S.K.: 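The structure under discussion is supplied below as structure tokens; questions concerning it will follow.
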Amino acid sequence: MDNKDITRRDFIQRVTLFGAAGIGAGSLLAACGGGEQPAATPSAETPTAAPEAPMAEESFTCMDTTGLTEQELAARTTLNYVDKSTMEGKQCDNCALWVAAAEGAQCGTCQTIKGPIHPLGYCDIWAAQTA
Ligand code: SF4
């Protein structure tokens with residue numbers, strides 16, 4: 001055995017050892033999660049579009065009288081219901097006969113006039129709330 005063979009053998013052993021160590025280290029890293037980071041995936045915490053803000057009271061109407069009878073329509077007209085009050089300090093949402101809109105709805109109702117009622121509306125029988 002000459003020095004050249006020993007050196008070659010030694011070289012091969014070292015390469016083999018380093019190679020095995022490299023593979024072992026890679027496997028070990030992968031097994032304990034030290035490898036590549038997983039691609040980002042959407043989660044429940046991913047921000048989504050903000051919910052829509054409620055519509056301003058001035059920007060919707062409550063004039064859809066679909067389904068009302070002739071008599072109910074006549075009462076609405078006779079009492080001069082309007083979606084926008086022109087009476088200072090008097091509007092449906094501060095009237096004693098006002099029934100607030102259900103959650104998620106914009107138009108309320110009235111204990112006397114049938115159909116959708118605008119919170120800023122008004123009619124001739126407006127009455128101040130008590131208490
Ligand atoms: S009575 Fe007239 S003012 Fe009062 S809530 Fe009904 S519609 Fe509006």
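Just so it is clear, the structure is predicted and the values come from calculations on it, not from any experiment. Atoms within each ligand, like the ligands themselves, are counted from 1 in listed order.
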S.K.: Give the atoms of ligand 1, by number and element, whose distance to some non-hydrogen atom of Cys110 is under 4.0 Å.
M.R.: 1 (S), 5 (S), 6 (Fe), 7 (S)
S.K.: Would you say that more than 12 heavy atoms from the other residues, nucleotides or ligands in this model lie under 6.0 Å from the CD of Gln129, or not?
M.R.: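 Yes - once you tally the heavy atoms of other residues, nucleotides and ligands closer than 6.0 Å, there are more than 12.
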S.K.: In terms of residue, atom name and distance, what is the protein heavy atom nearest to atom 4 (Fe) of ligand 1?
M.R.: Cys95 SG, 2.3 Å
S.K.: Please list the nearest protein heavy atom to atom 8 (Fe) of ligand 1 with its residue and the distance rounded to 0.1 Å.
M.R.: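 Checking every protein heavy atom, the shortest distance to atom 8 (Fe) of ligand 1 gives Cys92 SG, 2.3 Å.
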S.K.: Under 4.0 Å, counting heavy atoms only: does Ile113 come that close to any atom of ligand 1?
M.R.: yes
S.K.: Using atom types as modelled and distance alone, determine if a side-chain donor or acceptor of His118 lies under 3.5 Å from a backbone N or O of Met63.
M.R.: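 No, the answer is negative, given that no donor and acceptor are paired below the 3.5 Å cut-off.
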S.K.: Who's closest to atom 7 (S) of ligand 1 heavy-atom-wise, of Gly115, Ala127, Cys123?
M.R.: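 Comparing heavy atoms across Gly115, Ala127, Cys123, the nearest one to atom 7 (S) of ligand 1 lies in Cys123.
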S.K.: Counting N and O atoms only, with roles assigned by atom type, does the side chain of Asn94 sit under 3.5 Å from a partner on the main chain of Gly89, one being a donor and the other an acceptor?
M.R.: yes
S.K.: When you measure from the side chain of Arg76 to the backbone N and O of Ile113, does any donor-acceptor pair fall under 3.5 Å?
M.R.: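 Answer holds: no.
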S.K.: Would you please say whether a donor-acceptor pair under 3.5 Å links the side chains of Asp83 and Tyr81?
M.R.: yes
S.K.: Within ligand 1, which atoms have a heavy atom of Trp126 less than 4.0 Å away?
M.R.: 3 (S)
